[in-house]
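For ligands, and for the atoms within them, numbers begin at 1 and follow the listed sequence. Throughout, residue positions are numbered sequentially from 1 according to the sequence presented.
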Amino acid sequence: MSHSLLFLNDLSQKEKVKEIESLNNSELNEFIINTVKLCKPKSVYISIGDKDDKEYVKKKAIETEEEIVLKTEGHTIHFDHPLDQARAKDDTFILSSSPIPYVNTKSENEIDIYKLFNGCMVGREMYIGFFSLGPRNSPFQILAVQITDSPYVLHSENILYRNAFEDFYKNSSFLKFIHSKGNLDIKNRRIIIDRENNTVYSINTTYAGNSVGLKKLALRLTITKSVKEGWLSEHMAIIGFEGKKGKHYFTASFPSGSGKTSTSMLGRLVSDDLAFIREFNGKALAVNPEIGVFGIIQGINQRDDPIIWKVLHTPGEVIFSNVLMTEDKSVYWEGSEVEKPYSGINYEGYWSKESGKPASHPNARFTTPITAFENLDENYDNPNGVEIEGIIFGVKDYSLSPPVIEAFSWNHGIITIGASMESARTAAVIGKSDEYEFNPMAILDFMPVSLGIYLKNYIAFGRKLTKTPKIFGFNYFLKDEKGFLNKKEDKKVWIRWAIERVESNLDALLTPIGFIPKYDDLEKLFLETLNKEYKKEEYEKQFTIKLRKYLEKVDRIKLIYSQISDTPTEVIEELEKQKDRLLKYMKQYGDAVSPFDLY
Ligand SMILES: Nc1nc2c(ncn2[C@@H]2O[C@H](COP(=O)(O)OP(=O)(O)OP(=O)(O)O)[C@@H](O)[C@H]2O)c(=O)[nH]1
Ligand SMILES: O=C([O-])CC(=O)C(=O)O
Ligand SMILES: [Mn+2]
């Protein structure tokens, strides 16, 4: 063999080295050898993902104090550095020899990987894990190797991804992730995405969105792959909703911290964050690359989120991150609606109620296996995927988008809803929260290629479908001076309406931006679903189409896409058609039109 692993015998368990050799995978051997030589760890732990390996990794996470054992069996807590509480957009780069609009790039000669990683694991143990994104024995499957000096990172991955050591037999195609805590020198935090070599490097960070390779780092590589191969790799939940005529699977794309996990809890759970979607026989089929949930914990309470609440209060594997740990080794987070403790330890150290500071970080999270959720769908690991009949694009928009609209067609939905998303930023990214930002398909933070190429692929994908999913725009966050116009539970009604539309049970009102529900239908659905009265005034306020504001939005979005050189012509055409419709309605109705005028 040209790439001998023999030298690993001194650093690692001999029998595990033999197992890797028996995979007959010279690309894998080379990757491991090169990374060991670069990072220079004291020892190497090869995890093939059996029970002993998982126990070992967990034990190490505790020994190194990356995790602390909590009172409830199986629960631990992990703290990230105070300046490392969310995704580090400004420290994340796509390697590219030319700039890409809206993408943070660096050229190869601006980044010295060798300098960053040379000797970064001296004195530490290195962990190697072998995983599958997507179900095993599946046409969706993508293999990935994680190398890290953080047992917390590998522990998280053992919860969130499918171990798949044997699948590497003679298989040279896999994604590569190299992570080191470094010395948590946040100034030198770097996340570097090398698309050409299918490799991501991450250093001086532990927050999972920056360190757990298979989550959002892999997303950059799988999007790159998907646009080359003609499928979709998306920041979307996958949910099965029961209708009158059976179960219908939807995907749901909401920006980070804006509704994927919360919406997933209202149906049968397949995925709460990511989706691979491929076309087979004219149908769009989807799988979850993951098998666990890394979810936002702030605001989770027993009344609104009974399923998540139960998972977080039952013995079983849970890693809490950046919540408050109390003296009796239990946890507290903001918005839990339980009594605030007097003191505890959080990511900043000692915390007391008197300080007046929040007890937990707004991006504090929990990591759990998906199998812990009682609404788990029977097809969550189906190698053939589930058929998608609806796609939801949701925004955190306080003023413009109605709670639910339905697109006229695939292209109309993809372009005027998905590719036109503007949403208030949340705490999932380091920086200012609550500013509106352009965030097409809720995926801009993870975009590794030009938006033109990405949308061209979307449009071509739609053309291949003979059973085209309906496309919906959702917004849970409309507000007035007095606060939100909708209760959290109202989303059940918007979903019900979308299901009825997929089943062709209801007709709808035509507006220049898409179809909207009729008042009588919503009145009935509110009563049936929530036993609540839905007043005409509420309907009118929520579904009045702000024509002028929409027109301004179309102009903003059109300007963005017209400045991107490879934007497909369909994008501009579709936006122009939307603009013409808006202008036509404005002639008749002025700046806004009440839904009651459209009957
Ligand atoms: N006002 C309001 N807030 C909501 C509603 N639904 C969810 N939220 C809040 O929005 C956030 C929901 O975030 P998630 O559903 O966990 O976000 P996500 O899209 O899964 O995010 P990532 O895991 O970051 O990708 C929480 O802070 C909730 O409290 C709603 O209907 N109304
Ligand atoms: O990746 C993360 O850090 C968590 C997440 O789901 C997101 O930010 O969208
Ligand atoms: Mn996410």
Side-chain angles (χ1 to χ4, degrees), residues 80 84-89 92 153 156 160 191 202 205-220 234-239 251-266 269 271-275 288-290 292-301 303-305 307-309 321-322 333-337 360-367 392-398 403-404 421 423-431 433-434 439 441-446 474-479 483-495 530 542:
D80 296 296
D84 194 35
Q85 293 286 313
R87 281 186 290 103
K89 210 169 153 175
T92 306
V153 166
S156 299
L160 295 171
I191 298 123
S202 158
T205 175
T206 59
Y207 172 67
N210 302 321
S211 64
V212 167
L214 278 83
K215 197 166 186 65
K216 294 309 204 303
L217 311 189
L219 181 55
R220 277 76 166 207
E234 296 300 315
H235 191 203
M236 289 176 175
I238 308 171
I239 315 154
T251 60
S253 151
F254 292 79
S256 304
S258 307
K260 290 180 299 300
T261 307
S262 26
T263 304
S264 328
M265 294 304 141
L266 302 180
L269 174 64
S271 164
D272 86 305
D273 195 52
L274 295 168
N288 184 358
E290 309 187 283
V293 173
F294 176 56
I296 295 179
I297 202 163
Q298 178 158 310
I300 299 288
N301 63 66
R303 176 177 34 86
D304 292 324
D305 313 278
I307 299 175
I308 301 178
W309 186 264
S321 50
N322 307 316
W333 58 87
E334 296 292 336
S336 57
E337 298 186 353
S360 57
H361 191 275
N363 193 39
R365 291 189 180 243
F366 60 87
T367 303
I392 296 164
F393 290 105
V395 282
K396 193 170 205 168
D397 174 353
Y398 302 129
V404 59
M421 285 167 68
S423 197
R425 177 137 58 137
T426 69
V429 179
I430 295 172
S433 290
D434 239 19
N439 191 359
M441 276 77 176
I443 208 167
L444 190 61
D445 283 357
F446 316 107
F474 273 31
N475 179 21
Y476 302 149
F477 299 92
L478 278 177
K479 253 185 190 175
F484 289 111
L485 301 187
N486 293 104
K487 289 270 189 321
K488 274 188 179 180
E489 64 195 19
D490 292 0
K491 53 169 82 64
K492 290 183 186 163
V493 173
W494 320 133
I495 291 166
L530 302 172
Q542 294 168 16

Hey, is ligand 1 close enough to Ser262 that some N/O pair sits below 3.5 Å?
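Between Ser262 and ligand 1, an N or O pair is found under 3.5 Å apart.
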Quick check: Asn486 and ligand 1, any N/O pair under 3.5 Å apart?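 No; every N/O pair is 3.5 Å or more apart.
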* **Residues in the immediate environment of ligand 2 (any heavy atom closer than 4.0 angstrom)** =>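 Heavy-atom contacts below 4.0 Å: Arg87, Tyr207, Gly209, Lys215, Lys216, His235, Ser256, Asp273, Phe294, Arg365, Ala428.
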Could you identify the single nearest non-hydrogen protein atom to [atom] and state the distance to 0.1 Å?
atom: atom 25 (O) of ligand 1; result: Lys260 NZ, 2.7 Å
atom: atom 14 (P) of ligand 1; result: Gly259 N, 3.7 Å
atom: atom 2 (C) of ligand 1; result: Phe477 CE2, 3.5 Å
atom: atom 30 (C) of ligand 1; result: Lys488 CG, 3.5 Å
atom: atom 13 (O) of ligand 1; result: Gly257 C, 3.5 Å

- Parallel, tilted or perpendicular for Phe484 and Tyr398, by the 30°/60° rule?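 Phe484 vs Tyr398 ring planes: tilted.
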Report task. Classify the angle between the aromatic ring planes of Phe294 and Tyr207 as parallel (below 30°), tilted (30 to 60°) or perpendicular (above 60°). Result ->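 The rings of Phe294 and Tyr207 sit tilted, inter-plane angle from 30° to 60°.
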Heavy-atom contacts with [X] under 4.0 Å: which atoms of ligand 1 show up? List them by number with element.
X: His235; answer: 25 (O)
X: Pro255; answer: 19 (O)
X: Lys491; answer: 5 (C), 6 (N), 7 (C), 30 (C), 31 (O)
X: Thr261; answer: 15 (O), 16 (O), 18 (P), 20 (O)
X: Tyr476; answer: 30 (C), 31 (O), 32 (N)

Can you find a pair of side-chain heavy atoms, one from [X] and one from [Y], that are under 4.5 Å apart?
X: Thr426; Y: Pro255; value: no
X: Trp309; Y: Asp304; value: no
X: Asn210; Y: Asp84; value: yes
X: Glu234; Y: Phe446; value: no
X: Lys216; Y: Asp445; value: no
X: Leu274; Y: His235; value: yes
X: Trp494; Y: Asn486; value: yes
X: Asp490; Y: Pro403; value: no

Restricting to N/O/S atoms, is Lys216 within less than 2.8 Å of the Mn ion (ligand 3) or not?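 Checking the Mn ion (ligand 3) against Lys216, an N, O or S atom does fall under 2.8 Å.
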Could you tell me whether [X] approaches ligand 1 through its side chain, its backbone, both or neither, with non-hydrogen atoms closer than 4.0 Å?
X: Ala237; answer: neither
X: Arg365; answer: side chain
X: Asp273; answer: side chain
X: Phe484; answer: side chain
X: Ser258; answer: backbone

Would you call [X] a ligand 1 contact, heavy-atom distance under 4.0 Å?
X: Ser264; answer: no
X: Glu489; answer: no
X: Gly295; answer: no

Query raised in the report: Are more than 12 heavy atoms from other residues, nucleotides or ligands located less than 6.0 Å from atom NZ of Lys89?
Result: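 It does: Lys89 NZ has more than 12 such atoms within range.
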For this session: Kindly give the heavy-atom pair with the smallest separation between Ile300 and Ile296, and that separation in Å.
Result: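 Smallest interatomic distance, heavy atoms only, reads CG1-O, 3.5 Å.
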message: Can you see whether Thr92 engages Arg220 through a side-chain donor-acceptor pair at a distance of less than 3.5 angstrom?
response: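 Checked: Thr92/Arg220 side chains show no N/O donor-acceptor pair below 3.5 Å.
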- May I ask you to check whether Tyr476 and Ser262 show a side-chain donor-acceptor distance below 3.5 Å?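 Their side chains do not contain a donor-acceptor pair, so the 3.5 Å distance test is not met.
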For the Mn ion (ligand 3), find the closest N/O/S atom on Asp273 and give its atom name.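 When I compare the N, O and S atoms of Asp273, OD1 is nearest to the Mn ion (ligand 3).
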Do side-chain atoms of Asn322 reach the backbone of Arg365 as a donor and acceptor pair under 3.5 angstrom?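 Judged by distance alone, no pair lies under 3.5 Å.
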